[in-house]
Protein chains: 2
Amino acid sequence: MARSDTRFREAYNQLLDYCEALPPGASVPSEKDLGDVADVSRTVVRRCLARLQERGVISWEGREKRLLRPPTREDRIEVPDSRPSSDDLEQRFLDWVLRFDVPADTPLSVAELSRMFAVPQHELKEFLAGLSRFGLVARRRQGGWTLRGFTKEFAIELSEFRSVLELHAVRVAAEMPVDHHIWPRLARLRAAHEDLRERIDADFHEFSKLDESFHQVINSVVRNRFVEEFQKVISLIFHYHYMWDKAEEKVRNAAAIEEHLAIIDALEARDAAEAHTAAERHLRTSKTTLLSSLRYHELG
Amino acid sequence: MARSDTRFREAYNQLLDYCEALPPGASVPSEKDLGDVADVSRTVVRRCLARLQERGVISWEGREKRLLRPPTREDRIEVPDSRPSSDDLEQRFLDWVLRFDVPADTPLSVAELSRMFAVPQHELKEFLAGLSRFGLVARRRQGGWTLRGFTKEFAIELSEFRSVLELHAVRVAAEMPVDHHIWPRLARLRAAHEDLRERIDADFHEFSKLDESFHQVINSVVRNRFVEEFQKVISLIFHYHYMWDKAEEKVRNAAAIEEHLAIIDALEARDAAEAHTAAERHLRTSKTTLLSSLRYHELG
DNA sequence: CGTCCGTCTCCAATTATAAAAAACATTTGA
DNA sequence: TCAAATGTTTTTTATAATTGGAGACGGACG
């Protein structure tokens with residue numbers, strides 16, 4: 001009933017590996033050095049050494065540590081199945097919200113979500129606290145959380161915010177010097193767009209991915225931690241909604257390709273005003289699409 | 001070792017107050033209704049009723065509840081000193097960081113902070129998780145948190161982000177109809193600015209507050225949860241830094257008043273382009289001031 | 001003297017648990 | 001007969017206890 005000793009277990013196995021590379025009878029480095037090897041504190045190193053001594057892998061007395069025998073497969077300690085979760089909790093949570101169209105004002109049960117995503121409760125609470133900064137969820141007075149959710153207002157505000165950030169990015173991009181990394185990237189994007197334009201009838205599904213990279217490249221000219229943080233959420237939401245709104249997908253994607261190309265054209269011509277106009281047009285289309293996909297889901 | 005029963009205690013006292021308003025011998029409403037009165041669940045109401053019965057304030061058998069005697073001061077239960085904290089933790093935390101110039105990459109101890117701010121640990125952890133969304137703090141691999149802090153890069157990125165949001169707000173404001181609430185507010189701001197301009201030699205300290213309301217009014221035309229969330233942090237940081245950078249404060253503030261008035265002039269003339277230019281000029285000054293105040297602190 | 005180790009202190013992740021909420025079942029009375 | 005109230009059980013949340021781990025300090029060793 002306390003914290004896990006995963007850190008110890010991983011360090012132990014790592015030190016076994018380290019010992020394997022040592023010649024037999026060699027003296028083992030200092031606790032501090034071993035700590036650097038496994039990236040843990042001395043406290044953990046000493047626990048590992050104690051176990052190694054116990055199993056007769058090393059002798060240990062004061063600062064005299066010697067390798068007695070090469071470590072075997074038997075010596076290894078089991079490490080409790082590391083978490084493939086936790087890292088991409090954000091991705092999986094938003095995926096869940098959008099995929100199942102979880103309605104606004106749904107009460108969120110930390111207990112339930114924690115089971116669902118196989119993540120400790122406190123981690124989920126911290127995660128939700130983070131999301132509340134984006135206004136996606138809110139704390140309830142009687143405890144717990146609600147999904148403030150995917151309402152029309154949310155979509156409008158999100159679109160507006162996205163426009164503000166992205167129009168700024170376009171303005172910045174137009175001013176970039178010729179040797180900036182954006183230009184080769186834009187060239188590649190143009191090629192990809194023109195390629196897909198030819199194959200649009202068959203491969204219109206591929207656009208979703210292309211759209212994501214396009215916006216990512218545009219925004220990459222703005223080096224700003226705040227912008228970057230938001231971009232993650234924004235792109236995820238737009239990405240999924242595009243994928244699921246099946247109405248007129250082919251026509252929509254074909255049109256979007258042209259809009260993207262118009263922006264690329266203007267940027268490559270260093271025509272800031274025209275790039276801005278083209279970007280505004282495209283963002284307006286995007287907003288409309290997002291809103292109509294909402295209506296579609298509400299009806300369906 | 002479990003959650004506090006503050007909720008019960010507060011509800012209990014509240015129900016006592018409620019009973020006081022009842023005529024003697026009256027029948028007490030249903031559990032559900034009492035729950036609505038005190039804004040708690042039936043579970044808590046029943047705990048309260050049990051105690052009321054035990055103390056002989058009411059009789060309680062099934063759904064027959066009657067007031068036996070008016071409740072006295074003696075009947076009240078002590079409620080463990082409610083938290084004057086917690087609410088404005090954000091305010092107090094940023095205040096601490098800025099006031100003591102806590103340097104970048106300082107390790108933050110949850111335990112220490114929790115004592116310092118008289119807030120339960122888990123609450124602090126959630127708070128820090130939220131701040132990490134703004135890139136103000138970051139989780140360390142070996143556990144705990146660091147203040148990513150108030151570096152030059154941070155100030156630049158914050159200023160840039162602020163400019164993006166605020167220039168957008170100015171553009172929106174210029175388009176607002178004559179009956180919008182912004183216009184009377186701007187008029188009042190103009191008066192306040194002109195008033196302070198006359199008294200600037202003596203009262204230049206007052207500008208800090210005026211600056212905050214000015215930017216708040218400008219941004220109030222943008223109804224957007226994302227913008228609002230950020231604005232809180234941004235204004236706090238700029239506000240404090242202005243207050244502490246004592247170098248040339250009077251000259252600086254006098255200049256800022258003129259810049260503000262230029263923006264107001266242009267907005268009232270519905271000259272969007274000029275308003276934009278004036279706002280850009282002012283935001284550039286702000287950024288310079290923020291950066292120089294950083295240098296000042298580093299040297300001092 | 002500088003590094004290494006034994007010891008100690010404090011912190012943080014994690015879990016256990018009481019308090020509260022919510023769901024469910026039963027009764028009651030118009 | 002059925003809606004509202006109460007009794008009962010289940011689930012969830014907030015918080016403290018618990019244990020693993022990080023780091024500080026001083027002495028010892030070379």
Side-chain angles (χ1 to χ4, degrees), chain A residues 1-12 27-36 38-50 60-65 80 83 86 107-115 119-126 128-129 139-145, chain B residues 1-12 27-36 38-50 60-65 80 83 86 107-115 119-126 128-129 139-145:
Chain A
M1 69 166 157
R3 68 191 289 184
S4 65
D5 58 356
T6 314
R7 217 169 159 69
F8 157 66
R9 287 161 185 272
E10 283 177 350
Y12 179 77
S27 83
V28 177
S30 76
E31 293 174 2
K32 162 120 180 25
D33 290 350
L34 292 175
D36 289 345
D39 191 32
V40 290
S41 74
R42 274 186 56 219
T43 312
V44 177
V45 171
R46 303 187 102 244
R47 254 186 94 185
C48 294
L49 289 175
W60 183 26
E61 204 154 343
R63 57 188 68 182
E64 182 72 14
K65 301 187 288 286
R83 43 185 69 180
S86 251
L108 297 175
S109 149
V110 170
E112 199 182 339
L113 293 175
S114 128
R115 261 171 278 140
V119 156
Q121 293 201 7
H122 58 94
E123 217 165 295
L124 245 155
K125 276 169 64 171
E126 288 181 18
L128 290 177
R139 213 186 273 284
R140 291 191 304 166
R141 210 170 345 78
Q142 69 261 79
W145 302 82
Chain B
M1 68 164 156
R3 67 192 287 182
S4 65
D5 60 353
T6 315
R7 219 167 157 69
F8 156 67
R9 286 161 186 272
E10 282 177 353
Y12 180 77
S27 83
V28 178
S30 76
E31 294 173 3
K32 161 122 183 24
D33 290 351
L34 292 175
D36 289 344
D39 191 32
V40 292
S41 73
R42 271 185 57 219
T43 311
V44 176
V45 172
R46 303 186 104 242
R47 254 186 95 183
C48 294
L49 289 175
W60 183 26
E61 204 155 340
R63 56 189 67 183
E64 183 71 15
K65 300 186 288 287
R83 44 185 66 180
S86 253
L108 297 175
S109 149
V110 171
E112 200 182 339
L113 292 175
S114 133
R115 259 171 280 143
V119 155
Q121 293 204 7
H122 60 96
E123 216 165 296
L124 245 153
K125 275 169 64 172
E126 287 182 19
L128 290 177
R139 217 186 269 287
R140 290 191 304 166
R141 207 169 348 82
Q142 66 266 77
W145 301 83

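Just so it is clear: chains get the letters A, B, ... in the order the sequence lines come, proteins before strands, and each one is counted from 1. Note that the structure is a prediction, hence the values are computed from the model and not measured.
- Projected onto DNA chain D by closest heavy-atom contact, B/Val28 and A/Val44 fall at different nucleotides, the more 5' of which corresponds to B/Val28.
- In this structure, B/Arg115 reaches the sugar-phosphate backbone alone: every heavy-atom distance under 4.0 Å involves primed, P, OP1 or OP2 atoms, never a base.
- Closest heavy-atom contact between A/Pro80 and A/Thr6: CG-OG1, 4.1 Å.
- Of all heavy-atom pairs spanning B/Val44 and B/Ala11, the tightest one is CG1-CB, 3.9 Å.
- In terms of phosphate contacts, B/Ser4 brings no side-chain nitrogen or oxygen within less than 4.0 Å of OP1 or OP2 of C/dA18.
- In this structure, B/Lys65 and B/Trp60 approach most closely via the heavy-atom pair CG-CD1, 3.2 Å.
- Contact check, A/Gln142 against D/dT13: no side-chain N or O comes under 4.0 Å of OP1 or OP2.
- Rounded to a whole Å, the CZ atom of B/Arg141 is 16 Å from the P atom of D/dG21.
- We find that CD of A/Gln121 is positioned 10 Å from C1' of C/dT15, with the value rounded to whole Å.
- Comparing B/Arg47 and B/Leu108 by the nucleotide of DNA chain C that holds the closest heavy atom to each, the one mapping nearer the 5' end is B/Leu108.
- The distance between atom NZ of B/Lys32 and atom C1' of D/dA3, rounded to the nearest whole Å, is 13 Å.
- Between A/Arg7 and D/dA22, a side-chain N or O to OP1/OP2 separation shorter than 4.0 Å is present.
- Judged purely by atom type and a 3.5 angstrom limit, A/Ser114 uses its side chain to pair as donor or acceptor with the backbone of A/Val119.
- In this structure, the nucleotide among C/dG6, C/dT14, D/dA22 sitting nearest to the side chain of A/Val40 is D/dA22.
- Atom-to-atom distance recorded for A/Lys125:NZ and B/Glu126:CD is 5.0 Å, nearest 0.5 angstrom.
- Checking the phosphate oxygens (OP1, OP2) of C/dA20, no side-chain nitrogen or oxygen of B/Thr43 falls inside 4.0 Å.
- Under 4.0 angstrom from either OP1 or OP2 of D/dA5 there lies no side-chain N or O belonging to B/Lys65.
- For B/Glu123 and D/dA14, the CD to P distance is 10 Å, given to the nearest whole Å.
- Here D/dA28 presents its P atom at 17 Å from CD of A/Glu31, a figure rounded to the nearest Å.
- If you measure from atom CG of A/Asp5 to atom P of C/dA12, you get 20 Å, rounded to the nearest angstrom.
- Side-chain contact between A/Leu34 and A/Leu49 is present, with heavy atoms from C-beta onward closer than 4.5 Å.
- Summary of the strand contacts: B/His122 and B/Arg140 both lie near DNA chain D, and taking for each the nucleotide with the nearest heavy atom, the more 5' one is attributed to B/His122.
- Residue-to-nucleotide contacts include a donor-acceptor pair under 3.5 Å from the side chain of A/Arg42 to the base of C/dG6.
- Mapping B/Phe8 and B/Ser109 onto DNA chain C by nearest heavy atom places B/Ser109 closer to the 5' end of the strand.
- Residue side chain B/Arg63 does not reach the base of D/dT6 through any donor-acceptor N/O pair under 3.5 Å, judged by distance alone.
- Atom-to-atom, CH2 of A/Trp145 to P of C/dA21 comes out at 17 Å; the value is rounded to the nearest Å.
- For the pair B/Arg46 CZ and D/dT9 C1', the interatomic distance rounds to 12 Å; values are reported in whole Å.
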